[in-house]
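Reading through the structure tokens given below for one structure.
When a ligand or atom number is given, it counts from 1 through the structure's own listing order.
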Amino acid sequence: MTELAAAPVIAGPSGRDEVPLIETRNLTKHFKVGGNLSRRRLHAVDNVNLVIHRKEIVALVGESGSGKSTIARLLAQVYRPSGGEIRYLGRPLSVRRSRRDILAYRSDVPMVFQDPFSSLNPAYRVSHGIMRGLKLHRPELNRAQRQAEAERVVTAVGLTPAADILDRYPHELSGGQRQRIGFAQALAYRPTLILADEPVSMLDVSIRIGLLNVMAKLREDENVSFLYITHDLASARYLSDRLLVMYAGHIVESGPTESVLANPKHPYTQLLLSAVPDPRAPLVVDAESDKGEPPRVIDPTEGCRFRWRCPYAVDECHQVTPLLRILGPDHAAACHVAQPD
Ligand code: SF4
């Protein structure tokens, strides 16, 4: 079995020696729970080390409360980390920066939310949000250039005729069209990385694939990377190059998407995969299936956070928190009993 690495394993690909777009080092976020005098802390994210390179689509999967949306908000600088750091193009974001630096970062790394209505003001036409964003983030453009750019980004996400779409109110668009406008708004900033937080989970299954194809096309045509946050392994498989699996604030498995799904090393990833329903299979009710015990992330004690649900737990799992170990090419898992290839 591979020895524990002296330095933390970074959840990233080998063979890419350029400076990553984003890199986190021991990224941590704890939230206070209880009253003002309380010392209790919810450990939403603990010691996460990950990298995302140019033109990569990385899927971050896990159940609700695993910490994946908190990571997105840390990367978007909506939350301040409790510990660790985020590096963008090799520079720590914690270094004191001007308002202009912060604006530039936010246009490089915008976020698209689960609910497309949250980024569209129902009182204004679609053009309003895009033009306002362009004015703020790309002040060098004049009015005619802003109009041309708004039409370009709306076309880039597959909505035509662009002028007609820009002239509509949000309620005149379908859910899928509104979510495409969310991507168009992000694209108008000329991003390097889009943080997409469950962007298709509120859409009908039949139109999700169209949105996933838009993201794949933007990666090719606009050189954009994505952090695709989802609890849906099927869409992660369809879209992503790499998969990061989160449980209770930790990345518990990482690797090339096909490798992780074909040969999951961590019992939690195995559980997620076994829970994907096959619509053609006969319905079998398994009384012993996982009961979905919520993770204990308020002042967690040492030990594996999955041990309360894990069928393979041994004594060590109750005493020692497992670290990510390399178990195959670019494939790592944080489990005491997981075996290498
Ligand atoms: Fe299960 Fe132990 Fe591995 Fe955690 S470390 S997943 S409890 S076997």
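Note: Y79 and F31 meet the aromatic proximity criterion, with ring centroids under 6.0 Å apart.
Between the side chain of T321 and the main chain of G303, a donor-acceptor pair closer than 3.5 Å is present. In this structure, S254 contributes its side chain and L244 its backbone to no donor-acceptor pair below 3.5 Å.
Counting only N and O atoms by type, the side chains of Q145 and E149 include no donor and acceptor under 3.5 Å apart.
Under the 4.5 Å side-chain criterion, counting only non-hydrogen atoms from C-beta, H266 is not in contact with Y247.
Under the rule for a side-chain hydrogen bond (donor to acceptor under 3.5 Å, both in side chains), T24 has no partner lying at least two apart in sequence or in another chain.
Taking distances strictly below 2.8 Å, the protein N/O/S atoms close to atom 4 (Fe) of ligand 1 are C304 SG.
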